[in-house]
Protein chains: 2
Amino acid sequence: MPRKVDAEQRRQAVAEAVWRVIVRDGFGAASVRAVAVEAGLSAGSLRHYFSSQSALRAYALELIDQRMEARLAKVDRGRPPRQVIEDMMWALLPLDDASREEHRVVLAYMVQARAVPEYRHTVTAMYDEALALCRQAVDRLVQAGEAVPDTDAEAAAAELSALLDGVTLQAVSFPDRMPPERLRAVVRGWLDGLAAG
Amino acid sequence: MPRKVDAEQRRQAVAEAVWRVIVRDGFGAASVRAVAVEAGLSAGSLRHYFSSQSALRAYALELIDQRMEARLAKVDRGRPPRQVIEDMMWALLPLDDASREEHRVVLAYMVQARAVPEYRHTVTAMYDEALALCRQAVDRLVQAGEAVPDTDAEAAAAELSALLDGVTLQAVSFPDRMPPERLRAVVRGWLDGLAAG
DNA sequence: TACTATATGGCACACTCGTACTAGTACACT
DNA sequence: AGTGTACTAGTACGAGTGTGCCATATAGTA
């Protein structure tokens, strides 16, 4: 018998199957049976890892949040401010197929969260963290002299946060209109604008 | 019996019922039966106006697109450029409960469009029109001397488009974090920044 | 070798789904 | 008055849903 640590790996594998089904066929298609097939299990077997469908979906959301935070934590902080900030953005923004699919999952949950209160806490926490990150970015750029001193940090952070959500939405929904190079250019352009005043 | 013009009104009323169900219970909850109840009809009766569920959902998307374009067309063009541009933005952005719900519907379709190719054309057209509108806005501001002459209009339009999508997404998903005043402030702040260079 | 916990798959139940079909009603036109 | 069209409601069917239940298999332990 696999030990407990393997059970957690299996739960994660099932959650990743949830992501794939959501990306391929939409949130509503993530039925217990469809996820079980995607994960290579039977529906009855899946229920040994998740006692209900809502528990399954909730875990899949929690896990994607953890994965994104882990990716952000890996960014090397020992570089120039502007470089660290850009690296953080590139770690969070949908610049390749894998992260695009991740953000599609997050967006699907964000939309569903209005009908399913269970998702609201995690989804709102992700927004708050993104906004806080933007605020830190602006503060550091001001402190490093790469932004005009009279910058309204609060307003600039709100604007940056909206800009990042916008390019993310566009890259996720219209990947041919917002490819990685264009996405990077938009973000870099805004940061340059902050420096120029 | 009601004549044809009344039948079209009924179709629109049913489509609005679709919107309400999507906003309240999510896209997947817009079943034929649920929409029929919301519209005050029987499921069998609803099928006399829409031959299938996909036709119903497709019409509900087309109609919301028409409604938004109509709202945009109503903006008075005979005012100073900056005013006209702001008025257009306020006509399109989710600044009250009604337009917030409209954008929730659009966002739901945008997410579903990845699984249902039928929606892609309309949704992509809406994006393209928004981007074109941003491009026009930047051009007019440059022409009116309310933006620095060396502005990269293409890049600025892309940035503005992303910013608008971002504040829309935030106002729709986190209305308490992005209330109308804050949304207006973000947009005005960006336009001011364009003028300042 | 037994025993137990974990894991797996299959089945059954009540429910909802889209849709086809039928019957009945009300109005317009000849 | 008769005929046809538009409309409404209801029912039925097959498919898919979440979930409870149970039989089986495997691996670790006494």
Side-chain angles (χ1 to χ4, degrees), chain A residues 1-61 108-109 112 115-119, chain B residues 1-61 108-109 111-113 115-119:
Chain A
M1 264 289 110
R3 269 142 285 113
K4 195 168 186 185
V5 57
D6 296 323
E8 183 57 29
Q9 285 181 358
R10 181 75 95 167
R11 282 170 63 89
Q12 295 191 9
V14 175
E16 290 167 10
V18 173
W19 303 345
R20 290 195 296 274
V21 173
I22 289 177
V23 167
R24 191 201 319 126
D25 304 318
F27 190 88
S31 67
V32 172
R33 284 172 178 83
V35 171
V37 169
E38 179 72 29
L41 293 170
S42 70
S45 182
L46 188 149
R47 283 209 51 189
H48 257 260
Y49 297 97
F50 297 97
S51 59
S52 71
Q53 185 190 46
S54 67
L56 168 62
R57 289 177 167 179
Y59 179 84
L61 174 59
Y109 274 97
Q112 280 295 321
V116 186
E118 193 178 3
Y119 307 145
Chain B
M1 262 291 105
R3 269 144 284 114
K4 195 167 187 186
V5 56
D6 296 323
E8 184 56 29
Q9 286 181 357
R10 181 76 95 163
R11 282 170 62 90
Q12 295 191 8
V14 175
E16 291 167 8
V18 173
W19 303 346
R20 291 194 296 274
V21 174
I22 288 178
V23 167
R24 192 202 317 126
D25 303 318
F27 190 87
S31 67
V32 172
R33 285 172 178 83
V35 171
V37 169
E38 179 71 29
L41 293 170
S42 69
S45 183
L46 189 148
R47 282 211 54 190
H48 258 260
Y49 296 97
F50 298 96
S51 59
S52 70
Q53 185 190 45
S54 66
L56 168 62
R57 288 177 166 179
Y59 180 83
L61 173 58
Y109 275 97
V111 170
Q112 280 295 322
V116 186
E118 193 177 3
Y119 307 145

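Keep in mind the model is a prediction, meaning the values are calculated, not measured.
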Report the distance from atom CZ of B:Arg57 to atom C1' of C:dG18, rounded to the nearest whole Å. 10 Å
Which pair of non-hydrogen atoms, one from B:Gly26 and one from A:Ala115, has the smallest distance, and what is that distance? N-CB, 3.8 Å
Quickly work out the B:Arg10 CZ to D:dC7 C1' distance and round it to whole Å. 9 Å
Set of residues satisfying side-chain contact (heavy atoms from CB on, under 4.5 Å) with respect to B:Gln12, sequence neighbours excluded: B:Glu8, B:Tyr59, B:Leu63, B:Arg67
Which atom of A:Leu46 lies closest to which atom of A:Val32, heavy atoms considered: CD1-O, 4.0 Å
Between protein and nucleotides 19-23 of chain D, what N or O pairs are separated by less than 3.5 Å?
{"residue": "D:dT19", "atom": "OP2", "partner": "A:Gln53", "partner atom": "N", "Å": "2.7"}
{"residue": "D:dT19", "atom": "O4", "partner": "A:Arg33", "partner atom": "NH2", "Å": "3.4"}
{"residue": "D:dG20", "atom": "OP2", "partner": "A:Arg47", "partner atom": "NH1", "Å": "3.1"}
{"residue": "D:dG20", "atom": "OP2", "partner": "A:Arg47", "partner atom": "NH2", "Å": "2.6"}
{"residue": "D:dG20", "atom": "N7", "partner": "A:Arg47", "partner atom": "NH1", "Å": "3.0"}

What are the two closest non-hydrogen atoms of A:Ile22 and A:Ala108, and how far apart are they? CG2-CB, 3.8 Å
Check B:Ala34 against B:Ala29 and note the closest heavy-atom contact, atom names and distance. CB-O, 3.5 Å
Whole-Å distance between C:dG10 P and A:Leu41 CG? 11 Å
How close do A:Val21 and A:Ala30 get, heavy atom to heavy atom, and via which atoms? CG1-CA, 3.7 Å
Report the distance from atom OH of A:Tyr49 to atom C1' of C:dT8, rounded to the nearest whole Å. 8 Å
Kindly say if A:Ser45 contacts the phosphate of C:dG9, meaning a side-chain N or O under 4.0 Å from OP1 or OP2. yes
Sequence neighbours left out, what passes salt bridge (charged side-chain N to carboxylate O under 4.0 Å, His left out) with A:Glu38? Give chain and number order. A:Arg20, A:Arg24
Let me know the distance between CG of B:Leu46 and P of C:dC21, rounded to the nearest Å. 18 Å
Between C:dT8 atom P and A:Asp6 atom CG, what is the distance in whole Å? 10 Å
Pull out every residue in residues 15-31 of chain B that has a heavy atom closer than 4.0 Å to any atom of DNA chain C, ordered by number, or say none. B:Ser31
Please report, rounded to the nearest Å, how far the P atom of C:dT19 is from the CG atom of B:Leu56. 10 Å
Just jot down the side-chain hydrogen bond (donor to acceptor under 3.5 Å, both in side chains) partners of B:Tyr49, sequence neighbours excluded, or say none. none
Separation of C:dG18 atom P from B:Phe50 atom CZ, nearest Å, is 14 Å
Listed partners of A:Ala55 passing side-chain contact (heavy atoms from CB on, under 4.5 Å), at least two apart: A:Ser51, A:Ser52
